[in-house]
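Note: hydrogens, waters and symmetry copies are ignored here, and every other heavy atom, side chains too, is used. To find a chain, count down the sequence lines: A is the first, B the second, and so on, and within it residues start at 1. Note that the structure is a prediction, hence the values are computed from the model and not measured.
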There are 2 protein chains.
Amino acid sequence: MSADEPLVLVIDDEPQLLRFLNAALKSHGYRVLTADTAAEGERLAVSHRPDAILLDLGLPDRDGLEVVANLRAWCEIPILVISARGKEDDKVEALEAGANDYLTKPFGTRELIARIGVALRNRVQPLTISPIIEFGAIRVDLEGRTVTRHGEKIHLTPNEYKLLAAMVRHPGKILTHNQLLKEVWGAANLQQTHYLRVYMNTLRHKLEEDPAQPRHFQTELGVGYRLVE
Amino acid sequence: MSADEPLVLVIDDEPQLLRFLNAALKSHGYRVLTADTAAEGERLAVSHRPDAILLDLGLPDRDGLEVVANLRAWCEIPILVISARGKEDDKVEALEAGANDYLTKPFGTRELIARIGVALRNRVQPLTISPIIEFGAIRVDLEGRTVTRHGEKIHLTPNEYKLLAAMVRHPGKILTHNQLLKEVWGAANLQQTHYLRVYMNTLRHKLEEDPAQPRHFQTELGVGYRLVE
DNA sequence: CCGCATCCTGACGCCGTCTTGACGCGAACG
DNA sequence: CGTTCGCGTCAAGACGGCGTCAGGATGCGG
């Protein structure tokens, strides 16, 4: 799944530096979004909500400090400023405007990666959805990786849990065979729909009141399965 | 007592720099606590819970990175590292150990103040856990690095302790093989799950009543381990 | 240089998990 | 009405993870 890797937005107008940053970040497991103007950068920040922003102060179309202020007006995404200017006043202004860090060119890849790591480390998770889902007598704690039924802990094998977690993340929606297979067994096993039947069976036996007449784990014939509450 | 102004703990052994930092911080509205050794600094951090820590890496009694790790074992107070060494490796090590920022001497007052401001700005809720954790007959003192069982001191080797500390920091949660391996043996040994089995074994023998049927150090098959109380 | 503690590594048996196959059932279809 | 297909069910064997132990390498202090 590509969505669990942090997304970094790089705003810089130098093509070389842009390529360099892109490669460095990707090789360290980040997804990267690039923009070569302030306007484009701000637009992407709004639409993609990156986990961190790398901002070069020397942009052609707008002052870098203004970009920081604009971003800070509506979000708290960590901003790491890059600049050729190393004067103390520049740093102070940027940091006070809302930047989280200030790197003076030239800087090393490893330091950059480490500082991005710091920025991501102390971000506050908005926690969009509650990591705990309940339906019927069943409670799934995605964070603690525990499942209880009538308050009693239910032991699930890794595959069973992965399958349950995949369904729990999209309650009410249909999950096709392909989606489930890809999520649990990887894209190489898209044909093995038999796996699904076997594991759905054990899940029902462990979680449903009457496994033969499932209330929550319903099968959509020829399509996939659906979790109903 | 002016308790609403942020409290900064400065750990440094150079009297001049100490005085300088003290004056600079106070003039910007901070309360200041000073220590000239690592041991004293850690003690003050525990007793006063400062809002930020300024740490000079060149301490006489202990390695600065070790101090960072010790503090990070039980708290998330922002740590700004000061060092005369400006090499990239030094910075990366400190930042990865848990430091929030790295300043190379000499640095300007205003930049220092600005960076402290950043650290305080994005501090998360003081998610400090008590440096002392108990479960069953076992007591772990993360600050003193001591472990007792039924009141008797238990000797742990460095790796054993690191593994225990990693688990103690997230009681009840699953710690995956990767997380534990990264924390104890570094990211280079993510494959050596065998290490985990060996050390979990010795930990259980030293701490569990019945090592064959562990109550606290439970294994989550195929995933990792979990510390239950 | 020696001894000790710690760490790494390999071997082995056990047990849970995964895979695979067989079979019954019902619905859809010709 | 018979066939076919998808699905549920069960069981058995393969597989790999896990715990366990011990020998050897390594590093450190005396």
Side-chain angles (χ1 to χ4, degrees), chain A residues 145 147 153-167 174-178 180-186 188-227, chain B residues 63 66 145 147 153-167 174-181 183-186 188-227:
Chain A
R145 199 194 180 279
V147 181
K153 188 166 185 299
I154 302 282
H155 172 71
L156 296 182
T157 73
N159 277 357
E160 286 164 10
Y161 180 80
K162 277 196 265 185
L163 180 58
L164 174 63
M167 302 200 63
I174 287 195
L175 290 160
T176 68
H177 297 146
N178 275 0
L180 292 171
L181 284 166
K182 199 191 301 175
E183 194 128 2
V184 180
W185 285 272
N189 299 67
L190 290 187
Q191 273 69 284
Q192 317 281 347
T193 58
H194 189 49
Y195 292 176
L196 280 182
R197 289 199 286 278
V198 173
Y199 277 85
M200 195 58 69
N201 187 27
T202 72
L203 264 190
R204 282 169 174 159
H205 274 84
K206 289 188 177 182
L207 298 179
E208 290 275 7
E209 300 289 337
D210 179 3
Q213 309 217 333
R215 289 189 48 218
H216 303 299
F217 299 89
Q218 298 202 342
T219 131
E220 299 285 335
L221 276 160
V223 184
Y225 295 87
R226 182 205 304 269
L227 181 71
Chain B
D63 180 35
E66 198 182 321
R145 201 198 176 281
V147 182
K153 189 164 186 298
I154 302 281
H155 171 71
L156 296 182
T157 73
N159 276 358
E160 286 165 9
Y161 179 79
K162 276 197 265 184
L163 180 58
L164 174 64
M167 301 200 63
I174 283 207
L175 291 160
T176 67
H177 297 144
N178 276 0
Q179 287 177 299
L180 292 171
L181 285 166
E183 194 123 5
V184 180
W185 284 274
N189 299 67
L190 289 187
Q191 271 68 281
Q192 317 282 347
T193 58
H194 191 50
Y195 294 177
L196 279 182
R197 289 199 287 279
V198 172
Y199 278 84
M200 194 60 68
N201 189 25
T202 72
L203 264 190
R204 282 169 174 161
H205 275 83
K206 289 187 177 181
L207 299 178
E208 289 275 6
E209 301 289 336
D210 179 2
Q213 309 217 333
R215 288 189 50 217
H216 303 299
F217 299 89
Q218 297 203 341
T219 132
E220 298 282 337
L221 276 157
V223 185
Y225 295 87
R226 184 201 304 271
L227 182 72

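Side-chain nitrogen and oxygen atoms of B/N159 include at least one within less than 4.0 Å of the OP1 or OP2 phosphate oxygen of C/dC8. Distances shorter than 4.0 Å separate some side-chain N or O of A/Y195 from OP1 or OP2 on C/dT20. Phosphate contact (OP1/OP2 of C/dA22, side-chain N/O of A/H194, threshold under 4.0 Å): absent.
One can place CG of A/N201 at 14 Å from P of D/dC7, the figure rounded to the nearest angstrom. Rounded to an integer number of Å, the gap from CH2 of A/W185 to P of C/dT19 is 7 Å. In this entry the distance linking CZ of B/R197 with C1' of D/dC18 reads 5 Å, nearest Å. What separates CD of B/E160 from P of C/dA5 is a distance of 13 Å, to the nearest Å. As rounded to whole Å, 17 Å separates atom C1' of D/dC18 from atom OH of B/Y199. Atom NZ in A/K206 sits about 10 Å away from atom C1' in C/dG16, given to the nearest Å. When the P atom of D/dC18 is taken as reference, atom CD of B/Q213 falls 18 Å away, rounded to whole Å. If you measure from atom CD of B/E220 to atom C1' of D/dC18, you get 14 Å, rounded to the nearest angstrom.
Two residues, B/N189 and A/Q192, neighbour DNA chain C, and the one matched to the more 5' nucleotide by heavy-atom proximity is B/N189. Nearest-nucleotide assignment on DNA chain D puts the 5′-proximal partner with A/R204, out of A/R204 and B/M200. Comparing B/L221 and B/P158 by the nucleotide of DNA chain C whose heavy atom lies nearest to each, the residue mapping closer to the 5' end is B/P158.
In this structure, B/Y225 reaches the sugar-phosphate backbone alone: every heavy-atom distance under 4.0 Å involves primed, P, OP1 or OP2 atoms, never a base. Looking at heavy-atom distances under 4.0 Å, B/T193 makes no contact with the nucleic acid at all.
The list of side-chain hydrogen bond (donor to acceptor under 3.5 Å, both in side chains) pairs with a residue in residues 213-225 of chain A, not counting sequence neighbours, reads A/E220-A/R226.
Ring geometry for A/Y199 against A/W185 counts as perpendicular: the plane angle is over 60°, on a 0 to 90° scale with 30° as the lower cut.
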Does B/N159 form a side chain to side chain contact (heavy atoms under 4.5 Å, CB included) with B/K162? I'd like the steps, not just the answer. CA-CA 5 Å; B/N159 276 358; B/K162 276 197 265 184; 3.7 Å; yes

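Smallest separation of non-hydrogen atoms from B/L180 and B/A166: CD2-CB, 4.0 Å.
Among the nucleotides D/dT9, C/dC7, C/dT17, the one closest to the side chain of A/H155 is C/dT17. Closest to the A/T219 side chain, of the nucleotides C/dC7, D/dG8, D/dT9, is D/dG8.
Tested against B/N201, the residues B/R197, B/R204, B/H205 include a single side chain to side chain donor-acceptor pair (under 3.5 Å) partner, B/H205.
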